[in-house]
2 protein chains.
Amino acid sequence: MNGQFSETLKGLKLKATPKRLAILRLLSQESTYVSPEEIWQRLRGRFGAIGLPTVYRNLEELAAGGVITKVIHPNRQLYYFLCSNRHHHHHFICVACRRVEDVDVCALNDLEREVDAKIGGRVLSHIVQVNGLCRSCAVAAAGSGEKQ
Amino acid sequence: MNGQFSETLKGLKLKATPKRLAILRLLSQESTYVSPEEIWQRLRGRFGAIGLPTVYRNLEELAAGGVITKVIHPNRQLYYFLCSNRHHHHHFICVACRRVEDVDVCALNDLEREVDAKIGGRVLSHIVQVNGLCRSCAVAAAGSGEKQ
DNA sequence: TCTTAAATGAAAATCGTTTCTCTTTAGAAG
DNA sequence: CTTCTAAAGAGAAACGATTTTCATTTAAGA
Ligand SMILES: [Zn+2]
Ligand SMILES: [Zn+2]
Ligand SMILES: [Zn+2]
Ligand SMILES: [Zn+2]
């Protein structure tokens, strides 16, 4: 389990430090997207301490290495999510409870090709994300009275 | 021309103030995405003055009203773009020169339907954006020596 | 005009994120 | 098991884009 993560880190040429392993372990157990601050709060007790900059740095490195994913949030803050789905896909995120669901959109390679053909140049990255309320949050919202 | 914008603002129940009209005019003449700060800089001379918060507020209102579009930028700062294409579509953005090109992806309604069916709940918004280098910027980058 | 809610500017606050600098440590080499 | 060094981390401070506050001005309908 930890060996798994150590391998992952070795693959990225990152040292398998306790902090990194803890961050990975936490993310892997979490089914929602999480902010650096939250990760920091949850990790503070264990270890003597962990610095917030360390959390930010590691999350950034892991995201750059493709191990975790950044969430594009309407509030423009940073959130990360570890998804074990190894195929190219994208996400539905619940803005209320922060759950994440995989979305397999078939047209993505087509998309990149279309852009490539029409615009030329180089595609560096693409974002596809659906924001909303998951079923339970939508039901809850409907239960109390809100718009419509 | 200004009447056009006044109508737009009236439609959003926003007063047609000189500042708003100027922001709209500026955006409509611009073929790239622009930051609030840049808009502010360019508008300072005309009028006695315009406040940066005013720029931020108005851009946000216009975006909320669907008149302009937010760009999701890798550097996580705010950028806006006024696109006259009235159909549902998304964008290719050049991270170098900030040009914006329309991308018509056919699968979008399908996407929302798929999410709706698979996940349930309520879809509030979706993001589709392709980031890269436009043709000329890619050529320029290739011209000088960079990675690969 | 007159009236009023909306809009604005200037200054200050906010706060998520990053930088700095010194100390510690993982991991490879011997 | 030591030694060595580049990488990693802690804590504090800085940063800076964005937002808030609040007193003043203004668009627009009556
Ligand atoms: Zn996933
Ligand atoms: Zn939810
Ligand atoms: Zn370009
Ligand atoms: Zn467009």
Side-chain angles (χ1 to χ4, degrees), chain A residues 2-3 5-26 33-65 67-68 70-80 98, chain B residues 2-3 5-24 26 33-65 67-68 70-80:
Chain A
N2 248 346
F5 295 144
S6 292
E7 285 308 307
T8 303
L9 290 172
K10 189 170 294 183
L12 298 177
K13 300 202 173 75
L14 296 175
K15 291 183 180 177
T17 67
K19 314 298 167 73
R20 277 193 187 126
L21 293 171
I23 290 174
L24 275 176
R25 206 177 318 123
L26 188 158
Y33 53 91
V34 201
S35 73
E37 172 94 21
E38 288 159 352
I39 292 174
W40 179 60
Q41 292 290 0
R42 295 212 230 157
L43 257 36
R44 298 192 69 172
R46 330 164 200 201
F47 318 101
I50 183 172
L52 193 46
T54 299
V55 176
Y56 272 92
R57 247 183 288 118
N58 283 331
L59 289 171
E60 184 53 42
E61 290 163 342
L62 293 171
V67 177
I68 62 178
K70 274 186 200 184
V71 166
I72 310 290
H73 201 277
N75 72 9
R76 309 192 332 98
Q77 289 183 208
L78 280 173
Y79 296 95
Y80 294 91
R98 301 189 175 184
Chain B
N2 249 347
F5 295 143
S6 292
E7 285 308 306
T8 301
L9 291 172
K10 189 169 295 184
L12 298 178
K13 299 202 174 75
L14 296 173
K15 290 183 180 177
T17 67
K19 314 297 169 70
R20 278 195 185 123
L21 293 170
I23 290 174
L24 275 176
L26 188 158
Y33 54 91
V34 201
S35 72
E37 170 94 21
E38 288 159 352
I39 294 174
W40 178 60
Q41 291 290 0
R42 295 211 231 156
L43 256 37
R44 299 193 67 173
R46 327 162 202 200
F47 318 101
I50 183 171
L52 194 47
T54 299
V55 176
Y56 272 92
R57 270 186 307 244
N58 284 332
L59 289 171
E60 184 53 42
E61 290 163 343
L62 292 171
V67 177
I68 63 178
K70 273 187 201 184
V71 167
I72 309 290
H73 201 277
N75 72 9
R76 311 194 330 100
Q77 289 183 209
L78 281 173
Y79 296 95
Y80 295 90

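Chain letters run A, B, ... following the sequence lines, proteins first, then strands; residues in each count from 1. Keep in mind the model is a prediction, meaning the values are calculated, not measured.
Atoms CH2 (B:Trp40) and P (D:dT18) sit 13 Å apart, rounded to a whole Å. Spacing between atom CD1 of A:Ile23 and atom C1' of D:dA10 amounts to 13 Å, rounded to whole angstrom units. Taking atom CD1 on B:Ile50 and atom P on D:dT25, their separation rounds to 18 Å, with Å as the unit. Put simply, CG on B:Leu52 is 17 Å from P on D:dT21, counting in whole angstrom units. A straight line from CD of B:Glu7 to P of D:dA27 spans 17 Å, rounded to a whole angstrom. Rounded to an integer number of Å, the gap from CZ of A:Arg44 to C1' of D:dG9 is 15 Å. If you measure from atom NZ of B:Lys10 to atom C1' of D:dA27, you get 11 Å, rounded to the nearest angstrom. As a whole-Å value, the separation of A:Gln77 CD from D:dT18 P is 13 Å.
The aromatic rings of A:Tyr79 and A:His73 lie tilted to each other, with the angle between the two planes from 30° to 60°.
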Verify side-chain contact (heavy atoms from CB on, under 4.5 Å) between A:Leu62 and A:Leu9, making sure each step is shown before the conclusion.
CA-CA 9 Å; A:Leu62 293 171; A:Leu9 290 172; 3.9 Å; yes
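Annotation: proximity of residues 53-61 of chain B to DNA chain C (heavy atom, distance under 4.0 Å) is found for B:Pro53, B:Thr54, B:Arg57, B:Asn58, numbered in ascending order.
Closest approach of B:Asn75 and B:Gln77 over heavy atoms only: OD1-N, 2.8 Å. The two atoms that bring B:Asn58 and B:Lys19 nearest to each other are ND2-CB, 4.4 Å, heavy atoms only. In plain terms, the two heavy atoms of A:Pro36 and A:Leu78 that are nearest each other are CD-O, 3.3 Å.
A donor-acceptor contact closer than 3.5 angstrom is absent between the side chains of B:Thr17 and B:Arg20.
Over its full length, the helix from C:dT1-D:dA30 to C:dG30-D:dC1 turns its helical axis through 40°, comparing axes from the five pairs at each end and rounding to 10°.
For B:Arg76 and B:Arg20, each mapped to the nucleotide of DNA chain C holding its nearest heavy atom, the one lying further toward the 5' end belongs to B:Arg20. Comparing B:Tyr79 and B:Leu14 by the nucleotide of DNA chain D whose heavy atom lies nearest to each, the residue mapping closer to the 5' end is B:Tyr79.
Protein chain B contacts DNA chain C over a range whose 5' and 3' limits, counting nucleotides with an atom under 4.0 angstrom from a non-hydrogen atom, are C:dA5 to C:dT17.
Remark: the backbone N or O of B:Val55 is not paired with any side-chain donor or acceptor of B:Trp40 at under 3.5 angstrom. Distance alone, capped at 3.5 Å, is enough to place a donor-acceptor pair between the B:Arg76 side chain and the A:Arg76 backbone.
B:Glu61 and B:Lys13 are not joined by a salt bridge, as no carboxylate oxygen comes within less than 4.0 angstrom of a charged side-chain nitrogen. A salt bridge links A:Glu60 with A:Lys70; the closest basic N to acidic carboxylate O contact falls under 4.0 Å.
Summarising the geometry, atom CG belonging to A:Leu59 is positioned 9.0 Å from atom CG belonging to A:Leu24; distances are rounded to the nearest 0.5 Å.
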